[in-house]
**Student:** 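My structure is below; once you've seen it, I'll send some questions.
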Amino acid sequence: MKKILVIAGTRPEVIKLAPVYLEAVDRFGTDAVEWINTGQHTALADLALQAFGVSPGRVLESMAPGGSLGVLTRNLVSELDGLFTQSPPEAVVVQGDTTTAFAGALVAFYHRIPSIHVEAGLRSFDCANPFPEEANRRMISSLATIHCAPTPRAAENLRREGVSEAQILITGNTVVDAVHHVRDKLLHLCRPVDEHKRRILVTMHRREAWGDEMEKMCIALRTLADSRSQVEIHFPVHLNPRVREPVHRLLGHHPRIHLLDPLDYLSLQKVLSQSYLVLTDSGGIQEEAPSYGVPVLVLRRLTERPEAVEQGSAQVTGTDPDIVVSAAQRLIDDHAAYRSMVKNVNPFGDGYAAARIVQRMAEFLSQQPAKTERASHVAA
Ligand SMILES: CC(=O)N[C@@H]1[C@@H](OP(=O)(O)OP(=O)(O)OC[C@H]2O[C@@H](n3ccc(=O)[nH]c3=O)[C@H](O)[C@@H]2O)O[C@H](CO)[C@@H](O)[C@@H]1O
């Protein structure tokens with residue numbers, strides 16, 4: 001019985017791998033596909049799993065609260081190595097750029113097990129930003145067997161790094177599949193009738209923003225809310241204490257800044273679909289917003305998602321508070337400028353990425369010889 005392991009540890013991995021998991025179960029059967037939750041971000045990942053009706057097959061205990069990236073990587077590699085030794089899968093699926101994804105691809109490589117990398121080829125070309133994600137995804141691109149690039153641009157990045165054409169598949173981003181999975185439940189929703197209000201969705205969590213940048217962004221949000229009475233900020237705050245502490249300290253008592261606990265996937269999509277504008281450092285939300293025609297200000301110096309910027313529905317503001325505030329004020333005051341950013345095309349995918357990925361997986365697995373033995377995963 002073929003066993004395909006889908007390995008996820010964080011909320012975005014769950015959201016972007018759930019469509020692949022469901023498609024693979026539909027194609028190969030429930031006994032052939034197993035979900036591995038590495039425990040990197042258990043609470044947020046579990047919340048996302050519920051939205052897709054996916055129950056984690058096996059939960060690892062990789063996260064040492066407050067542990068370093070080195071400790072997390074050590075734990076993940078050790079646990080996955082034991083799992084792969086005990087019952088070697090035919091293939092593993094990893095997503096994006098987390099430490100979970102890197103450890104999954106690395107241990108699969110050591111065991112000579114093929115790995116499928118979902119969302120391959122995103123590059124900021126700066127290993128400090130995002131940190132450690134840019135380095136993780138570059139390393140995964142050296143290890144993976146099949147590279148599922150969401151866009152032609154991502155595929156080009158992989159070719160430039162020497163990945164062979166036969167190993168690259170342009171699929172679209174599975175996050176658009178996830179949006180399609182829930183959007184029927186959003187259909188009855190319409191944009192808020194109070195045209196005077198300007199609802200702004202905010203999310204921030206990036207490691208490279210922890211500390212001063214996070215504080216400066218909070219002050220910028222407060223300045224923005226104070227400067228425009230029609231602004232209502234909805235901010236689901238990441239569980240990480242390095243995010244929660246400054247956000248609640250600096251924004252916790254503003255009448256029009258609503259600090260929320262992390263939202264389940266459907267609730268977030270409802271807020272996103274009804275927002276006037278998004279201010280975020282999130283990758284996934286940059287990719288989802290075009291599905292609802294909502295403009296995005298990217299609170300980062302760089303983005304590995306230039307497609308939305310090039311089509312004009314997103315703007316990279318960086319993290320200078322004055323620039324962020326004036327960019328948001330312009331889109332509130334200048335309706336023509338705002339309308340020019342409202343697009344009805346999502347450049348990141350069409351909602352059929354999972355189907356393409358699983359089809360390619362099926363073709364690949366059908367060409368694999370029966371495994372007689374696992375060679376050379378034992379240290380020389
Ligand atoms: C460098 C970088 O960009 N890396 C990204 C990062 O993911 P991210 O930046 O997208 O991370 P978040 O912003 O945490 O997740 C966002 C998702 O969560 C949903 N959401 C959000 C708030 C909430 O209250 N409830 C929710 O349901 C939301 O709709 C969306 O789908 O790592 C991923 C894995 O490797 C990568 O794929 C991805 O490139």
Side-chain angles (χ1 to χ4, degrees), residues 7-20 38 40-41 43-52 94-105 117-138 140 148 150-151 154 173-179 181-183 186 201-209 234-240 243-244 258-273 275 278-289 291-292 294 296 298-305 308 316 348 353:
I7 302 174
T10 65
R11 170 173 64 188
E13 289 169 285
V14 168
I15 291 162
K16 290 177 170 179
L17 282 179
V20 177
T38 66
Q40 184 174 344
H41 286 178
L44 291 180
D46 286 352
L47 195 56
L49 279 170
Q50 290 157 21
F52 299 92
V94 296
Q95 189 281 336
D97 52 27
T98 66
T99 306
T100 281
F102 166 58
H117 185 203
V118 177
E119 196 185 89
L122 271 60
R123 293 293 182 272
S124 66
F125 306 104
D126 178 348
C127 275
N129 190 319
F131 174 87
E133 287 89 351
E134 174 74 358
N136 285 345
R137 57 200 177 199
R138 289 190 196 180
I140 296 170
C148 301
T151 64
N173 197 300
T174 54
V175 81
V176 182
D177 299 43
V179 169
H181 185 84
V182 299
R183 75 174 170 184
L186 302 175
L201 171 63
V202 173
T203 80
M204 292 190 293
H205 75 288
R206 305 223 57 79
R207 181 185 291 265
E208 62 272 8
H234 293 254
F235 188 164
V237 185
H238 201 280
L239 292 180
N240 191 307
V243 175
R244 292 188 81 80
H258 310 291
L259 302 183
L260 311 168
D261 284 336
L263 298 173
D264 64 79
Y265 189 62
L266 181 59
S267 301
L268 191 287
Q269 296 306 302
K270 283 179 186 172
V271 173
L272 174 55
S273 67
S275 293
V278 175
L279 274 59
T280 188
D281 61 10
S282 165
I285 293 179
Q286 287 180 63
E287 294 156 344
E288 292 162 335
S291 290
Y292 304 108
V294 179
V296 177
V298 181
L299 305 179
R300 288 169 58 181
R301 283 192 298 109
L302 301 160
T303 184
E304 55 284 287
R305 295 159 172 87
V316 178
F348 298 109

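Both ligands and their constituent atoms are indexed starting at 1 by order of listing.
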**Student:** When you compare the side chain of Arg300 with that of Gln286, does any pair of heavy atoms fall below 4.5 Å?
**Tutor:**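 They are in side-chain contact.
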**Student:** Please check whether Gln95 reaches ligand 1 - meaning an N/O of the residue sits under 3.5 Å from an N/O of the ligand, judged on distance alone.
**Tutor:** yes
**Student:** Near Arg206, which atoms of ligand 1 are under 4.0 Å from a heavy atom of that residue?
**Tutor:**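 So the atoms of ligand 1 that pass are 1 (C), 2 (C), 3 (O), 9 (O).
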**Student:** Closest non-hydrogen protein atom to atom 6 (C) of ligand 1, residue and atom name please, with distance?
**Tutor:** Pro12 CG, 4.1 Å
**Student:** Kindly compute the distance separating CD (Glu119) from CD (Gln95), expressed to the nearest 0.5 Å.
**Tutor:** 4.5 Å
**Student:** I'd like to check Asp281 versus His205 (side-chain heavy atoms, cut-off strictly below 4.5 Å). Are they in contact?
**Tutor:** yes
**Student:** Between Leu201 and Thr280, is any pair of side-chain heavy atoms under 4.5 Å apart?
**Tutor:** no
**Student:** Provide, to 0.1 Å, the distance between atom 1 (C) of ligand 1 and the closest protein heavy atom, together with that atom's residue and name.
**Tutor:**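 I find the closest protein heavy atom is Pro130 CG, 3.3 Å.
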**Student:** Between Gln40 and ligand 1, which part of the residue brings a heavy atom under 4.0 Å of the ligand: side chain, backbone, both or neither?
**Tutor:** neither
**Student:** State, yes or no, whether a side-chain contact exists between Asp126 and Glu134 at a heavy-atom distance under 4.5 Å.
**Tutor:** no
**Student:** Checking contacts here: is it the side chain or the backbone of Ser282 that comes within 4.0 Å of ligand 1, counting heavy atoms only? Could be both or neither.
**Tutor:**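 Both backbone and side chain of Ser282 come within 4.0 Å of ligand 1.
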**Student:** Can a non-hydrogen atom of Glu287 be found less than 4.0 Å from any atom of ligand 1?
**Tutor:** no
**Student:** Mind running salt bridge (Lys or Arg N to Asp or Glu O under 4.0 Å) on Glu133 and Arg206 for me, showing each step along the way?
**Tutor:** CA-CA 10 Å; Glu133 287 89 351; Arg206 305 223 57 79; 2.7 Å; yes
**Student:** Side-chain contact test, heavy atoms from C-beta onward, threshold under 4.5 Å: evaluate it for Thr100 versus Val94 and give yes or no.
**Tutor:** no
**Student:** What protein heavy atom lies closest to atom 22 (C) of ligand 1? Include the residue and the distance to one decimal.
**Tutor:** Arg11 NH1, 3.3 Å
**Student:** Which pair of heavy atoms, one from Pro262 and one from Pro236, lies closest together, and at what distance?
**Tutor:**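 Shortest heavy-atom contact: CA-CB, 4.4 Å.
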**Student:** Can you see which heavy atom on Asp97 is nearest to which on Asn136, and at what distance?
**Tutor:**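 What the structure gives for the nearest pair is O-ND2, 2.9 Å.
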**Student:** Residue-level breakdown please: for Glu208 versus ligand 1, do any non-hydrogen atoms fall below 4.0 Å on the side chain, on the backbone, on both, or on neither?
**Tutor:**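 Under 4.0 Å from ligand 1, Glu208 contributes no heavy atoms.
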**Student:** Report, in ascending order of atom number, the atoms of ligand 1 lying under 4.0 Å from any heavy atom of Arg137.
**Tutor:**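 By the 4.0 Å cutoff, the relevant atoms are 1 (C).
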**Student:** Do any nitrogen or oxygen atoms of His238 come within less than 3.5 Å of a nitrogen or oxygen of ligand 1?
**Tutor:**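 For ligand 1, there is no N or O atom that lies under 3.5 Å from one belonging to His238.
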**Student:** With heavy-atom distances below 4.0 Å as the criterion, list the atoms of ligand 1 near Glu13.
**Tutor:** 34 (C)
**Student:** Which of the numbered atoms in ligand 1 are below 4.0 angstrom from a heavy atom of Thr98?
**Tutor:** 34 (C), 35 (O)
**Student:** For side chain to side chain donor-acceptor pair (under 3.5 Å), just list the numbers for Glu13 and Thr10, CA-CA rounded to whole Å, side-chain angles, deciding distance to a tenth of an Å, and then say yes or no.
**Tutor:** CA-CA 5 Å; Glu13 289 169 285; Thr10 65; 2.7 Å; yes
**Student:** Return the residue, atom name and 0.1 Å-rounded distance of the protein heavy atom closest to atom 12 (P) of ligand 1.
**Tutor:** His205 CE1, 3.7 Å
**Student:** Just one of Thr203, Val296, Val202, Val294 clears the side chain to side chain contact (heavy atoms under 4.5 Å, CB included) bar with Ile285, so which one?
**Tutor:** Thr203
**Student:** Could you identify the single nearest non-hydrogen protein atom to atom 31 (O) of ligand 1 and state the distance to 0.1 Å?
**Tutor:** Glu288 OE2, 2.6 Å
**Student:** Taking only non-hydrogen atoms of Glu304, do any sit less than 4.0 angstrom from ligand 1?
**Tutor:**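 Flag set, Glu304 near ligand 1.
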**Student:** Counting only nitrogen or oxygen atoms and a 3.5 angstrom limit, does Gln269 reach ligand 1?
**Tutor:** yes
**Student:** Is any side-chain heavy atom of Pro130 closer than 4.5 Å to a side-chain heavy atom of Glu208?
**Tutor:**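 Of all side-chain heavy-atom pairs linking Glu208 with Pro130, at least one is under 4.5 Å.
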**Student:** Atoms of ligand 1 less than 4.0 Å from Gly284 heavy atoms?
**Tutor:**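 Counting atoms of ligand 1 from 1, those under 4.0 Å from Gly284 are 8 (P), 10 (O).
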**Student:** Which heavy atom of the protein is the closest neighbour of atom 4 (N) of ligand 1, given with residue, atom name and distance?
**Tutor:** Asp97 OD2, 2.9 Å
**Student:** Is any side-chain heavy atom of Ser124 closer than 4.5 Å to a side-chain heavy atom of Arg137?
**Tutor:** yes
**Student:** Around atom 8 (P) of ligand 1, find the nearest protein heavy atom and jot down its residue, atom name and distance.
**Tutor:**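 Residue, atom and distance for the closest contact: Gly283 N, 3.6 Å.
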**Student:** Considering distance alone, does some N or O of Glu119 sit under 3.5 Å from an N or O of ligand 1?
**Tutor:** yes
**Student:** Tell me, which protein residue and heavy-atom name are nearest atom 25 (N) of ligand 1, and how many Å apart are they?
**Tutor:**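 Residue, atom and distance for the closest contact: Leu263 O, 2.8 Å.
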**Student:** Which ligand 1 atoms are under 4.0 Å away from a heavy-atom of Pro262?
**Tutor:** 24 (O)
**Student:** Below a 4.0 angstrom heavy-atom separation, can you tell me which part of Leu268, side chain or backbone, both or neither, approaches ligand 1?
**Tutor:**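 Within the 4.0 Å criterion, Leu268 contacts ligand 1 through side-chain atoms alone.
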**Student:** To the nearest 0.5 Å, what is the distance between CG (Leu299) and CG (Leu279)?
**Tutor:** 5.0 Å
**Student:** Determine whether the aromatic ring centres of His258 and Phe235 lie less than 6.0 Å apart.
**Tutor:**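 When the ring centroids of His258 and Phe235 are compared, they turn out to be at least 6.0 Å apart.
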**Student:** Just distances here: any N/O of Lys16 and N/O of ligand 1 closer than 3.5 Å?
**Tutor:** yes
**Student:** Hey, is Arg305 touching ligand 1 through its side chain, its backbone, both or neither, going by heavy atoms under 4.0 Å?
**Tutor:** side chain
**Student:** Should Ile15 be listed as contacting ligand 1, given a heavy-atom distance under 4.0 Å as the test?
**Tutor:**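 So Ile15 counts as touching ligand 1.
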**Student:** Begin from the C-alpha positions of Glu288 and Arg183 and carry the test salt bridge (Lys or Arg N to Asp or Glu O under 4.0 Å) through to its verdict.
**Tutor:** CA-CA 11 Å; Glu288 292 162 335; Arg183 75 174 170 184; over 6 Å; no
**Student:** So is Ala48 close enough to ligand 1, meaning a heavy atom under 4.0 angstrom away?
**Tutor:** no
**Student:** Check whether any side-chain heavy atom of Arg11 sits under 4.5 Å from a side-chain heavy atom of Gln40, and report yes or no.
**Tutor:** no
**Student:** Show me which atoms of ligand 1 lie under 4.0 Å from any heavy atom of Pro236.
**Tutor:** 24 (O)
